[in-house]
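As structure tokens, the structure follows; a few thoughts come after it.
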Amino acid sequence: MDALAKRVGRFAGFRRDGGSLRGEGRAGRHKVLLVKPQEYMNRSGATVRALLAEGWVAPEILVIYDDVYLPFGTLRVRARGGTAGHQGLESILDATGSEEFPRLRIGVGPAPPSEELPEYVLGRFSEEERAGVPRVIEAAADCAFDAAAEGLTQAMNRWNRFGRDTTEERGDDETV
């Protein structure tokens, strides 16, 4: 979120507001509100519920989260979708009553067997992954900015290939 804040025009910084930090700015010609919940992801529905009470609608709220079911460094933007067992998304689904909220998934996988998942999610990145984290953060911030400034479809078209293995895209073993 801090990397995204650096891209937003007229951003004056974050301020505490209830259970979150918030800051306003502009992405292109659009006014944006950046929100950093200060509770566990599993309880982030409370922050979304507060936004809905202020008049925001779920399709305007881009939820950014890590996803163990995507390979490390992969970005995926979706306009809607299920929770795939992600407790934070389930909390948001409970708050909105709908799967109709856009999301930016940032790959931190591959996921280990389910009994090891809590340790994996709370664990440290490998040395190789740590080296790639800054690139992934910058790309995710650019993607979120594009979604706000240009629209979700444009962001999907531009960013949904980011981090994909080029041999997977070609469907063969030739290195690109």
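Predicted, not measured: the structure shown is a model, and the values here were computed from it.
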Within a reach of under 6.0 Å around OH of Tyr69, are more than 12 heavy atoms found that belong to other residues, nucleotides or ligands? no

Measuring only between side-chain heavy atoms, which start at C-beta, is Val108 closer than 4.5 Å to Tyr65? no

Does the Ser20 side chain pair with the main chain of Arg22, one donor and one acceptor, at a distance under 3.5 Å? no

Could you tell me whether the side chain of Phe101 reaches within less than 4.5 Å of the side chain of Leu89, counting heavy atoms only? yes

N/O donor-acceptor pair under 3.5 Å between Glu116 side chain and Pro113 backbone: no

Exercise: identify the closest heavy-atom pair between Asn160 and Val77: OD1-N, 2.6 Å

Could you give the side-chain donor-acceptor pairs of residues 140-150 under 3.5 Å, partners two or more places apart or in another chain?
from	atom 1	to	atom 2	distance (Å)
Asp142	OD1	Arg7	NE	2.4
Asp142	OD1	Arg7	NH2	3.2
Asp146	OD2	Arg158	NH1	2.7
Asp146	OD2	Trp159	NE1	2.8

Kindly say whether Gly25 contributes a backbone atom to a donor-acceptor pair with the side chain of Arg10 at under 3.5 angstrom? no

Heavy-atom check, side chain of Asn42 versus side chain of Ser91, under 4.5 Å: no

Under 3.5 Å, is there a donor-acceptor pair between the side chain of Asp66 and the main chain of Ile106? no

When hydrophobic residues are tied together by side-chain contacts of less than 4.5 Å, even through go-betweens, does Leu51 share a cluster with Leu62? no

Which atom pair, heavy atoms only, marks the closest approach of Ala3 to Glu138? CB-OE2, 4.0 Å

Take a 6.0 Å sphere around NZ of Lys36 and say whether it holds more than 12 heavy atoms from other residues, nucleotides or ligands. yes

Is there a path of hydrophobic side-chain contacts, each under 4.5 Å between heavy atoms, that joins Leu21 and Phe11? yes

Whether over 12 other heavy atoms sit under 6.0 Å from Arg29 CZ: no

Within the distance-only criterion (no hydrogens, no angle test), does the side chain of Arg78 pair as donor or acceptor with the backbone N or O of Arg103 below 3.5 angstrom? no

